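Accompanying notes for the structure given below.
Residue numbering restarts at 1 for every chain, and letters A, B, ... go by the order of the sequence lines. Owing to the predicted nature of the structure, the values given are computational and were not obtained by experimental measurement.
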There are 2 protein chains.
Amino acid sequence: MAPRPRIKDVAEYAGVSPKTVSNVINDYEHVSEKTRSAVREAIEALGYRVNIAGRQLRKGRTGMITLAVPELDVAYFAELAKHVMAAADRRGLTVLLHQTGGARERELAALHGFDAQFTDGTILSPLSLLPRDLATRDTRLPVVLLGERSQPGSADHVGIDNVAAAREATEHLLARGRRSIAVVGGALTGRQGTDRLRTRGYREALRAARVPFDADLVVPVDAFHWQDGARAVGAVLRRDARPDALLCLNDHLALGALRALHEAGLAAPRDLDVVGFDDIEAGRFSVPSLTTVAPDKTAIADSAVSLLLDRIERRGAEEATDHVVEHRLVVRESSGG
Amino acid sequence: MAPRPRIKDVAEYAGVSPKTVSNVINDYEHVSEKTRSAVREAIEALGYRVNIAGRQLRKGRTGMITLAVPELDVAYFAELAKHVMAAADRRGLTVLLHQTGGARERELAALHGFDAQFTDGTILSPLSLLPRDLATRDTRLPVVLLGERSQPGSADHVGIDNVAAAREATEHLLARGRRSIAVVGGALTGRQGTDRLRTRGYREALRAARVPFDADLVVPVDAFHWQDGARAVGAVLRRDARPDALLCLNDHLALGALRALHEAGLAAPRDLDVVGFDDIEAGRFSVPSLTTVAPDKTAIADSAVSLLLDRIERRGAEEATDHVVEHRLVVRESSGG
DNA sequence: CGACATATTTACATCGATGTAATCGGCGTG
DNA sequence: CACGCCGATTACATCGATGTAAATATGTCG
């Protein structure tokens, strides 16, 4: 099989120097129309295509960024990935998508490993990363974190105000007269993750409404999948007092909960209210449709890509910034909408 | 800011030649334990990481493959991507994920563009590609197609037997006494895509059961999303004769249809049956849960990666192969399961 | 028509890593 | 003790493209 032609082959075919071919490829202005078309023809005739490795080696940039998320089959991340790719595209960047499975080791690899050295920067949505992992990271590699609030100053960060979001969702339920609200996926201790921030917002809303907090209503889950939501409902229903609302910390949990409620002969919003987070498409079409906290995904993606590009271009070690993106509560059938 | 160290810097630090460092990095066997650890220390001390561009330039391979799918927020593709990444991982490959939006231009770019020349090969799930695009493609770039049956011989291909799958799904509905089965997303003319193959299987089942075919029951859709399924049901219900089953050509359509039926006061399987394709997770938790044709996604991903790797390694222009992967009908509530 | 400015093209070095082949050094053997 | 052998190490060229700076062509003006 014929090897792929190199710039030299094109040069010989067109009767010019390799550098002239390079100039044509890169739209250098001082190339006569005649040579330009001759080179173009040669490229066409030989089926030449730039070898990116050679180019990168010389130019020092790949024009690619890494997006590392826990799991693509979690709809929120798939939708987010779509937006990030679109945002990157607008800026002429290509996205290398990576799944970490939420494992610390793989998140570290996203920060330092193969991809990180290969692409110009990384957008990471961490689950298990520890503060010290960020503190000791190689700051020559530009990074933007999504979702959880990072240690201040360790890296740029983009996310919604999770405490406020959970507070608003809880207020909505309280306003509907709900008083016994379970937090599915909630956490009181452990890492300062999204779950803890949202649980805090929930408690703030309770306190403001003078509704006593009941730790039994915080229902932990293994993961944030449909099945975990279903399982959690099973656990909740076995208790003697049934809650009158479920604040599920993401839509998958909420949808799994809806399914389990249905199996138990209960329905939202008749018997209790259900609210989720993320506004994934499935929640718009579920029966009942799902009330949810909708983060502005477009804005998240846009900010993340901009911040990253800034880091890449001014390699300087500026202060890390913290970008807070809008969110809004979308009230649908599952809580009376 | 200090530039990233090169292999030369490590060599100087360790007091050996650059090539020796390279040998350590690549686990060359004839390196004394002493030098090996000295080099390792130097690498550690300087925070050295291999520059992939340099390596690829020299080795001619990136160890990366491209996976190009229409849209990540279509759950089937997200789930498939997850499996492909896992399969690639097992073989030491990294996946560059690309969204084409189903646009021909971007699918072509996946075959020939930036990624294609950059990675070692491409797995493409085409929607709009024309036969001639494949016929004229640069066969030096290894490609595996997913989903639709390609022109024989043009490229390796992996997929389920769509005709048989649709036939079985239809037989299932017929066996339940359904006689007026609408095909949501079906197509009688146009490209030889998945939709046409599945419609053909549907017709074969009807014919075998001596149920007359009614072209009005083939309901076209703009795209294969939730909303299109909902819209299609709206159109179907405006007719005078209501069908007694919906064969939806993917799960998103089916779930959108379930939602629209609910809004119309109808329910599956009481008033009519609903069946989908793809077995996405949402269908296991919907109300009612969704009967669907489940392709073996693990097998699809595995075959695709193997075939591609074969192509990459034996660059020869062997015959293109056609891999048919298992599928099975999963009967759930929406058709009486 | 010559001097000089401007436009076009080219030679050469270089990015970082690694394959090839040559060199070096230590050890066993006759 | 010289020789041969083999494992360890190194010098050098090379992968493909492009930046730099110099060379060459073209054109303008007095």
Side-chain angles (χ1 to χ4, degrees), chain A residues 2-43 46-64 114 116-120 140-141 315, chain B residues 2-40 42-43 46-64 113-114 116-120 140-141 315:
Chain A
R4 279 178 49 172
R6 300 161 294 176
I7 212 168
K8 203 177 94 191
D9 304 315
V10 176
E12 279 165 15
Y13 187 100
V16 298
S17 76
K19 177 61 184 170
T20 298
V21 176
S22 170
N23 286 339
V24 170
I25 293 168
N26 291 286
D27 284 324
Y28 180 63
E29 54 179 340
H30 298 304
V31 177
S32 71
E33 208 39 63
K34 200 169 50 158
T35 9
R36 192 181 298 273
S37 60
V39 170
R40 290 245 166 81
E41 263 172 46
I43 289 177
L46 299 179
Y48 170 80
R49 283 168 218 289
V50 177
N51 177 319
I52 311 276
R55 169 178 289 178
Q56 193 220 338
L57 184 54
R58 189 63 242 228
K59 290 195 167 174
R61 280 245 217 130
T62 53
M64 300 174 66
F114 184 96
Q117 17 158 346
F118 183 70
T119 58
D120 300 334
R140 278 170 303 203
L141 305 171
R315 286 228 154 211
Chain B
R4 279 176 50 173
R6 300 162 293 176
I7 212 169
K8 203 178 94 189
D9 304 316
V10 176
E12 278 166 15
Y13 188 101
V16 299
S17 76
K19 177 62 184 170
T20 297
V21 175
S22 169
N23 286 339
V24 171
I25 294 168
N26 292 284
D27 284 325
Y28 180 63
E29 56 179 340
H30 298 304
V31 177
S32 71
E33 208 39 62
K34 199 170 49 157
T35 0
R36 193 181 298 275
S37 60
V39 170
R40 289 244 165 81
I43 288 177
L46 299 179
Y48 169 79
R49 284 167 219 289
V50 176
N51 176 319
I52 311 277
R55 168 178 289 177
Q56 192 219 339
L57 185 54
R58 189 63 243 225
K59 288 195 169 176
R61 281 243 218 133
T62 53
M64 301 175 65
F114 184 96
Q117 14 159 349
F118 185 71
T119 58
D120 299 334
R140 279 169 300 205
L141 305 171
R315 286 228 156 210

Open item on the list: With a cut-off of less than 4.0 Å, is there a side-chain N or O of A/Thr35 near OP1 or OP2 of C/dT8?
Closed with: no
Open item on the list: Using a strict heavy-atom distance below 4.0 Å, which residues from residues 16-25 of chain A are in contact with DNA chain C?
Closed with: A/Val16, A/Ser17, A/Lys19, A/Thr20, A/Asn23
Open item on the list: Rounded to the nearest 0.5 Å, what separates atom CD1 in B/Ile7 from atom OG1 in B/Thr20?
Closed with: 9.5 Å
TODO: To the nearest 0.5 Å, tell me how far B/Leu57 CG sits from A/Asn51 CG.
DONE: 6.5 Å
- [ ] Mind checking side-chain contact (heavy atoms from CB on, under 4.5 Å) for B/Ser32 and listing every partner two or more places apart, or none if nothing turns up?
- [x] B/Lys34, B/Thr35
TODO: Report the residue (A/Arg6 or B/Gly15) whose heavy-atom-nearest nucleotide on DNA chain D is the more 5′ of the two.
DONE: B/Gly15
- [ ] Would you please name every residue forming a side-chain contact (heavy atoms from CB on, under 4.5 Å) with A/Ala42, sequence neighbours left out?
- [x] A/Val10, A/Tyr13, A/Ala14
Task: Pairs satisfying salt bridge (charged side-chain N to carboxylate O under 4.0 Å, His left out), at least one member in residues 5-20 of chain B, at least two apart - done: B/Arg6-B/Asp9
Open item on the list: Could you tell me if the side chain of B/Asn26 sits less than 4.5 Å from the side chain of B/Arg55, heavy atoms only?
Closed with: yes
TODO: Taking the side chain as every heavy atom from C-beta outward, state whether A/Val16 and A/Val24 have any atom pair closer than 4.5 Å.
DONE: no
Open item on the list: Between C1' on C/dT20 and NE2 on B/His30, what's the gap in Å once rounded to a whole number?
Closed with: 15 Å
Task: A/Val39 and A/Asn23, any side-chain heavy atoms less than 4.5 Å apart - done: no
Task: Terminal axes of the helix from C/dC1-D/dG30 to C/dG30-D/dC1 (five pairs each): angle between them, nearest 10 degrees - done: 50°
Task: Separation of B/Met64 CE from A/Met64 CE (nearest 0.5 Å) - done: 5.0 Å
TODO: Walk me through it: do B/Arg36 and B/Asp27 pass the test side chain to side chain contact (heavy atoms under 4.5 Å, CB included)?
DONE: CA-CA 9 Å; B/Arg36 193 181 298 275; B/Asp27 284 325; 4.2 Å; yes
- [ ] Shoot me the first and last contacting nucleotide of DNA chain D against chain B, ordered 5' to 3', at under 4.0 angstrom to non-hydrogen atoms.
- [x] D/dG7 to D/dG16
